[in-house]
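See structure below.
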Amino acid sequence: MALVVQKFGGTSVGSVERIQAVAQRVMQTVAAGNQVAVVVSAMGKTTDGLVKLANQISETPSRREMDMLLSTGEQVSIALLSMALQAAGQDALSLTGAQVGIVTEADHTRARILNIRTERIQRHLNDGKVVVVAGFQGISQRIDIDFEITTLGRGGSDTSAVALAAALGADKCEIYTDVPGILTTDPRLVPEAHLIKAITCDEMLELASLGAKVLHPRAVEIARNYGIPLVVRSSWVADPGTHVVAPSRQPKSLEGLELVHPVDAIEFDLDQAKVALLRIPDRPGIAARLFGELADQDLNVDLVIQSIHEGNTNDIAFTVLEANFAKAEAVAAAIAPVLRGDTADSSQAEVFVDRQVAKISIAGAGMIGRPGVAAQMFSTLAEAAVNIQMISTSEVKVSCTIDSSDCDRAISALCNAFQVTCSPLRDASQKSLSPVPEVRGAALDQKQAQIAIRHVPDRPGMAARIFALLAKAGISVDMIIQSQRCRMIGTVATRDIAFTVAQAEAAQAKATVAGIADEMGCGDIVVNDAIAKVSVVGIGMINTPGVAARMFEALAQQRINIQMIATSEIKISCLVAEDDGVRALKAVHDAFKLYGTEKVVVPA
Ligand code: ADP
Ligand code: ASP
Ligand code: MG
């Protein structure tokens with residue numbers, strides 16, 4: 001007899017009829033000879049409604065009371081689903097997070113799961129009951145703190161479900177939702193989005209953190225860490241949906257479930273060379289032209305970084321394999337004079353190269369939403385007296401370029417700090433999904449704001465101090481970019497550091513860094529929340545030259561200006577103006593031919 005965890009989202013339990021349909025679906029799974037634990041979300045838009053109510057009472061409701069309020073939504077749906085099952089003749093019972101023993105940290109509104117007691121659920125399952133568990137909520141338990149109801153963060157029921165599957169040792173976890181599975185992008189924005197039959201956890205982690213809300217990124221993190229077979233499928237039809245392919249199951253302790261090592265690998269590449277074009281015009285088409293020429297030469301670029309513009313100009317830096325350095329430099333040198341003629345400000349466009357570059361990265365799903373991890377990397381490098389040249393982040397990786405001669409020191413300091421060994425290869429099953437398209441999906445995030453700190457002194461420890469402060473304030477930083485351009489302010493060499501945070505936290509982030517920026521002698525702090533981030537993700541891009549060029553070209557054709565660029569091995573993100581966001585997503589989705597022939601019907 002197999003044990004299945006099934007999770008039904010808000011729309012799937014949005015009305016009495018839908019709850020009854022869910023009950024039927026659960027009973028079919030039982031009839032097929034399975035034990036079933038069900039996790040449900042609050043009905044329809046209940047949680048949004050509760051948030052609105054709270055905001056009518058207070059602009060800054062306390063996080064504890066928010067948890068008390070929001071957790072009620074799921075309590076309604078578990079009771080109703082359990083009643084629907086009983087009414088249809090299936091023995092069932094509902095349990096809140098606390099009743100199950102979903103134990104979390106005490107960090108209200110974004111608590112992480114520490115462990116799940118399974119004895120009670122297992123007992124009821126063994127008695128032939130369907131157990132209906134409230135998603136999104138848990139209970140904090142520390143000797144010095146009272147029991148508190150906590151929630152896991154918006155969209156957190158997915159995380160409850162996968163964590164429960166891990167704790168129960170379930171055979172699989174099925175996420176039922178209002179779309180046919182994971183699609184190439186959000187069908188509400190691009191109706192031509194197409195179903196993806198299978199996707200690796202690494203790809204899904206990036207997509208989920210870049211705005212594809214179909215899965216909570218932390219759910220993917222748990223599936224990846226514990227090797228849980230995960231499927232996302234439609235609540236309305238019996239189609240198979242999308243398989244999220246996890247590495248094979250590892251026996252792992254369930255203690256500190258979501259708090260295991262935040263970093264699972266230190267990766268490095270000594271064979272990199274950096275080419276930067278400084279002071280090139282800040283207008284559509286420039287990146288497309290540069291990377292188009294590189295692609296024409298079949299040159300595979302690795303990191304691509306463009307930080308915030310300065311006046312009318314920008315810098316774009318990229319790394320290539322050392323062996324390709326001469327060719328890449330020649331392309332950049334040939335293109336610089338063409339750009340130079342363009343505007344008065346760009347008259348000083350120049351090429352800057354550095355052959356002695358190493359890339360060093362920390363990688364791991366556990367760093368999602370944990371702002372202290374990047375900060376710890378920066379401070380570890382600072383303590384080892386390693387200067388960081390460029391920084392590029394994704395949600396699951398932070399990469400820095402450093403001088404090659406610092407690499408050994410950097411590696412041993414980081415291995416020590418994060419208690420991991422160096423550069424293990426990713427599980428082979430992650431790469432064996434075929435076919436491997438260069439781009440699996442695209443995403444848009446319209447909820448971020450960009451913050452730039454101008455003229456940060458170019459010395460070890462600066463990034464460390466800034467991001468440690470933000471981490472201490474509990475502010476999650478997303479895309480961090482340290483520019484290539486070094487500008488002399490008096491006798492001090494400086495660089496800009498730009499990053500994105502959730503719009504709701506932008507003002508707090510600015511206030512948090514203002515003091516230290518002043519103390520370090522930095523320039524202005526610029527905040528812009530009229531931005532959108534468009535990204536493409538795919539493991540196939542690792543060995544395919546020209547993916548960045550195609551993305552930039554698609555944006556250029558739409559006359560969309562790229563404000564910042566950050567990449568990891570499997571994703572490329574561009575910041576664009578907020579108003580250009582949806583158009584940018586459509587253009588990119590089209591450029592990689594991700595569309596299908598049938599429109600996906602999304603229920604209201
Ligand atoms: P649930 O209530 O079932 O958890 P959500 O609203 O949280 O559902 O997530 C499903 C929604 O995610 C879809 O209706 C869709 O609009 C959105 N979405 C965003 N990106 C994607 C994607 N790549 N694939 C599928 N759905 C996506
Ligand atoms: N009801 C919660 C929310 O709307 C949790 C979830 O649906 O996953 O965020
Ligand atoms: Mg959801």
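All values derive from a computational prediction rather than experimental measurement. Both ligands and their constituent atoms are indexed starting at 1 by order of listing.
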Under 4.0 Å, counting heavy atoms only: does Lys45 come that close to any atom of ligand 2?
no
How close does the nearest protein non-hydrogen atom get to atom 5 (P) of ligand 1, and which residue and atom is it?
Lys213 CE, 3.6 Å
Any idea which protein heavy atom is nearest atom 3 (O) of ligand 1, and the distance to it?
Thr177 OG1, 2.6 Å
Close-contact set for ligand 2 against Thr47 heavy atoms, below 4.0 Å:
1 (N), 2 (C), 3 (C), 4 (O)
Do Thr104 and Thr150 have a side chain donor and acceptor closer than 3.5 Å?
yes
Proximity of Leu183 to ligand 1 by residue part, where a heavy atom lies under 4.0 Å
both
Which protein non-hydrogen atom lies closest to atom 17 (C) of ligand 1, naming both residue and atom, and how far is it?
Asp186 OD1, 3.7 Å
Give the intermediate values and the outcome of salt bridge (charged side-chain N to carboxylate O under 4.0 Å, His left out) for residues Arg224 and Asp202.
CA-CA 8 Å; Arg224 180 172 171 279; Asp202 282 349; 2.8 Å; yes
Quick one: nearest non-hydrogen protein atom to atom 27 (C) of ligand 1, plus distance?
Val214 CB, 3.6 Å
Heavy-atom gap Gly155 to ligand 2 smaller than 4.0 Å
yes
Check whether any heavy atom of Gly181 sits under 4.0 Å from an atom of ligand 1.
yes
Show me which atoms of ligand 1 lie under 4.0 Å from any heavy atom of Arg188.
14 (O), 15 (C), 16 (O)
Ligand-residue contact atoms, ligand 2 with Arg154, heavy atoms, under 4.0 Å:
3 (C), 4 (O), 9 (O)
Is Lys7 paired with Glu174 through a side-chain N to carboxylate O contact shorter than 4.0 Å?
no
Contact check, His216 vs ligand 1, heavy-atom distance below 4.0 Å:
no
Geometric N/O contact Gly10 with ligand 1, under 3.5 angstrom:
yes
Does at least one non-hydrogen atom of Gly156 fall below 4.0 angstrom from an atom of ligand 2?
yes
Between His108 and Thr151, do the side chains contain a donor N or O and an acceptor N or O under 3.5 Å apart?
no
Taking the basic N atoms (NZ, or NE/NH1/NH2) and the acidic carboxylate oxygens, is any pair closer than 4.0 Å for Arg63 and Asp107?
yes
Would you mind telling me if ligand 1 is within reach of the side chain of Thr185, the backbone, both or neither, using heavy atoms under 4.0 Å?
backbone
Which protein non-hydrogen atom lies closest to atom 4 (O) of ligand 1, naming both residue and atom, and how far is it?
Lys7 NZ, 3.0 Å
Are side-chain N/O atoms of Ser399 and Ser361 paired as donor and acceptor at under 3.5 Å?
yes
Is it true that Glu206 and Lys397 make a salt bridge, defined as a side-chain N closer than 4.0 Å to a carboxylate O?
no
Please tell me whether His216 and Thr159 have a donor and an acceptor in their side chains that are separated by less than 3.5 angstrom.
yes
Do any nitrogen or oxygen atoms of Gly211 lie less than 3.5 angstrom from nitrogen or oxygen atoms of ligand 1?
no
Please assess Lys213 against Asp158 for the test salt bridge (charged side-chain N to carboxylate O under 4.0 Å, His left out), listing each intermediate value before the final yes or no.
CA-CA 10 Å; Lys213 79 172 223 194; Asp158 300 329; over 6 Å; no
Just go through Leu594, Asp178, Val190 and tell me whose heavy atom is the nearest to atom 11 (C) of ligand 1.
Asp178
Looking only at heavy atoms, which two atoms of Ala223 and Val162 are closest? And how far apart?
N-CG1, 3.7 Å
Taking non-hydrogen atoms only, is His216 closer than 4.0 angstrom to ligand 2 via side chain, backbone, both or neither?
neither
For residues Gln6 and Thr29, is any side-chain donor paired with an opposing acceptor at under 3.5 Å?
yes
Pair Asp178 + Arg18, salt bridge at N-O below 4.0 Å:
no
Within ligand 1, which atoms have a heavy atom of Val179 less than 4.0 Å away?
13 (C), 14 (O), 25 (C), 26 (N)
heavy-atom search around atom 7 (O) of ligand 2 in the protein gives Ser41 OG, 3.1 Å
Please determine if Arg64 and Asp67 form a salt bridge, counting it only when a charged side-chain N lies under 4.0 Å from a carboxylate O.
no
Polar proximity ligand 2 side, Lys7 side, N/O cut 3.5 Å exclusive
no
Distance from atom 6 (C) of ligand 2 to nearest protein heavy atom, with residue and atom
Ser157 OG, 3.4 Å
Are a donor atom and an acceptor atom from the side chains of Ser573 and Lys571 found within less than 3.5 Å of each other?
yes
